2 protein chains.
Amino acid sequence: MLETTRKRKVYQAILMEINRIMKEDNLRPGDRLPSERELSERLQVGRSSVREALRALELLGLITTRHGGGTYVQHYRHNKLIDILGYYILRDYKTKRDLIEMRKLLELDAVRLACKRATDKHFEEMERILEASEEKIRQGIVPTEEDYKFHRIIARSSRNSLLHRIWAPIVEYSKTIREDSLSREGRPEQAVKEHRGIMEAIKRGDVAESEKRMAQHLENSKL
Amino acid sequence: MLETTRKRKVYQAILMEINRIMKEDNLRPGDRLPSERELSERLQVGRSSVREALRALELLGLITTRHGGGTYVQHYRHNKLIDILGYYILRDYKTKRDLIEMRKLLELDAVRLACKRATDKHFEEMERILEASEEKIRQGIVPTEEDYKFHRIIARSSRNSLLHRIWAPIVEYSKTIREDSLSREGRPEQAVKEHRGIMEAIKRGDVAESEKRMAQHLENSKL
DNA sequence: GGATGTGAAGTGGTCTGACCACTTCCACGG
DNA sequence: CCGTGGAAGTGGTCAGACCACTTCACATCC
């Protein structure tokens with residue numbers, strides 16, 4: 001039986017046990033965990049308690065469960081902690097100013113890092129996105145999605161996954177509180193030009209210039 | 001019955017429902033949630049499913065449950081994401097690098113804003129903290145707490161509470177993955193000097209200088 | 001009146017057994 | 001040889017039971 005001596009609840013003890021099992025059996029991401037019924041029996045606890053522990057791990061994205069198929073270890077990078085944190089931090093957030101400003105800070109941080117770390121693959125992707133934007137504009141479609149993707153690839157080229165993961169929910173949320181400036185006449189064309197300018201500056205590794213251009217671009221993007 | 005049309009699992013739907021209930025009833029931190037049995041009945045689901053949802057929220061520290069006493073909303077600042085983050089992804093090398101870097105970015109962002117927004121109250125607080133640090137050093141105590149407080153007051157003087165909210169858990173967590181450099185001989189004295197230099201630069205509103213000093217300080221703080 | 005004790009009701013904690021839905025896999029029949 | 005159907009295994013959910021603990025009103029005592 002699990003150490004119920006400590007006032008820890010059973011499901012918390014099970015969390016530890018599962019962690020131990022994962023270590024002892026050297027389970028790697030993608031491997032399958034013992035079934036709920038087996039865990040229940042091995043640990044001498046009810047299946048419901050096992051499930052409570054597993055649900056917690058699932059919520060965190062540390063495991064995945066497939067109905068009828070089993071429970072599997074997931075790679076750490078898939079964990080949803082940041083997203084959840086973001087969700088709850090931003091949830092009751094009211095001050096638009098702080099949010100917009102935070103976005104700007106992150107975008108600028110990203111662009112600075114990108115100057116030093118962006119690879120050819122990133123530049124190719126940027127190019128593709130810009131071309132897709134231009135194509136959509138020719139067709140009279142507002143390239144909202146491409147605009148987002150361009151900023152995202154910059155966040156990615158910072159090659160700091162934490163920065164990218166903090167950036168994502170903030171941008172997501174700030175989209176909801178402010179109108180899309182791309183709907184303004186002539187703005188999409190201008191935005192693409194600015195994007196291209198930013199990309200070129202990053203390519204040259206010119207931190208000051210790319211920073212300046214990004215700041216200007218964000219400024220212009222306000223409705 | 002909950003929308004089982006979406007392939008979402010019941011406990012995930014319940015998470016949403018609980019969120020809705022918290023909003024509709026305008027539940028504030030400290031308030032009590034409906035009991036498990038009541039939720040079970042109101043939502044027409046099994047109590048075990050309700051529990052799975054509640055356990056997930058509890059793991060995140062968003063609610064607390066008191067055996068026999070009920071379930072209560074907790075302030076988000078009590079969330080345990082940091083601990084879990086540390087517990088499960090502590091060994092991921094790449095994540096560590098990103099985390100340290102992210103901290104640096106946020107501290108620099110904070111110091112830049114502080115140059116423009118710090119008030120006399122903030123400076124008085126910094127002064128108090130620095131004096132407390134010096135006092136502890138005189139007593140032969142390592143001023144770990146004061147070090148943290150100094151950085152926090154800078155984050156606060158950015159006057160962007162979102163920045164502060166993101167900053168806090170990042171710093172909290174990075175403390176756990178790197179040794180405290182303050183234990184190094186002579187380091188506390190040096191750190192206080194650097195803090196003072198940063199403060200002075202902020203007072204002058206000298207963005208470049210305070211940024212530079214903060215960067216240097218963080219660099220020196222590595223063990 | 002106020003402090004104290006007590007018991008019923010309410011609540012979370014856990015286990016069991018049942019049934020359903022889905023996946024996996026192998027033996028059987030083509 | 002291939003597919004195919006079905007049994008076995010697994011997660012998803014529910015209902016009911018019992019225990020441990022808290023709360024609170026009410027009775028009791030000083």
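Here the structure is a predicted model, which means the values were calculated and not measured.
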- Message: Need one value for B:R47: base, sugar-phosphate or nothing, where a base atom within 4.0 Å counts as base even if backbone is also close, heavy atoms only.
- Response: base
- Item | Spacing of B:L39 atom CG relative to C:dG13 atom P, expressed in whole Å | 13 Å
- Query: Salt bridge check: are B:E127 and B:K121 linked by an N-O gap of less than 4.0 Å?
  - Reply: no
- Query: Can a donor-acceptor pair be found between the side chains of B:S48 and A:R51 at a distance below 3.5 Å?
  - Reply: no
- Message: Quiz question: by atom type and distance under 3.5 Å, do the side chains of A:H122 and A:T119 form a donor-acceptor pair?
- Response: yes
- Verify the contact: side-chain N or O of B:T65 to OP1 or OP2 of C:dT11, cut-off strictly under 4.0 Å; return yes or no. no
- Interatomic distance where CD1 belongs to B:I14 and P belongs to D:dC14 [whole Å]: 7 Å
- Closest-nucleotide ordering on DNA chain C, the 5'-leading residue of A:V50 and A:G69: A:V50
- Base, sugar-phosphate alone, or nothing: which one does B:S48 contact when heavy atoms must sit under 4.0 Å apart? base
- To the nearest Å, how far apart are B:E41 CD and D:dG16 P? 12 Å
- Distance check: side-chain N/O of B:T71 vs OP1/OP2 of C:dT11, anything under 4.0 Å? no
- Item | Interatomic distance where NE2 belongs to A:H67 and C1' belongs to D:dT10 [whole Å] | 8 Å
- Quick one: label B:G46 by what it contacts on the DNA or RNA (base, sugar-phosphate, nothing), any heavy atom closer than 4.0 Å. sugar-phosphate
- Are any of B:R55's side-chain N or O atoms less than 4.0 Å away from OP1 or OP2 of C:dG13? yes
- Query: Between atom CD in A:E36 and atom C1' in C:dA21, what is the gap in whole Å?
  - Reply: 14 Å
- Contact under 4.0 Å: B:S49 side-chain N or O vs D:dC14 OP1/OP2: yes
- Message: Less than 4.0 angstrom between a side-chain N/O of B:R32 and OP1 or OP2 of C:dT11, yes or no?
- Response: yes
- Tested for side chain to side chain contact (heavy atoms under 4.5 Å, CB included) against A:I14, the lone hit among A:L57, A:L43, A:L39, A:N19 is A:L43
- Item | Length of the line joining A:Y72:OH and C:dT23:P, which is rounded to integer Å | 11 Å
- Do the side-chain N or O atoms of B:R51 get closer than 4.0 angstrom to the phosphate oxygens (OP1, OP2) of C:dG13? yes
- Task: For B:L43 and D:dC14, give me the distance from atom CG to atom P, rounded to whole Å.
- Result: 10 Å
- Item | Toward the 5' end of DNA chain D, by each residue's nearest nucleotide, B:R66 or A:P34 | A:P34
- Rounded to whole angstrom units, what separation is found between the CD atom of A:Q44 and the P atom of C:dC15? 10 Å
- Do B:S161 and B:R156 meet the criterion of a side-chain donor-acceptor pair at a distance under 3.5 Å? no
- Message: Should the side chain of A:R37 and the base of D:dG9 be counted as holding a donor-acceptor pair, with the cut-off at 3.5 Å?
- Response: no
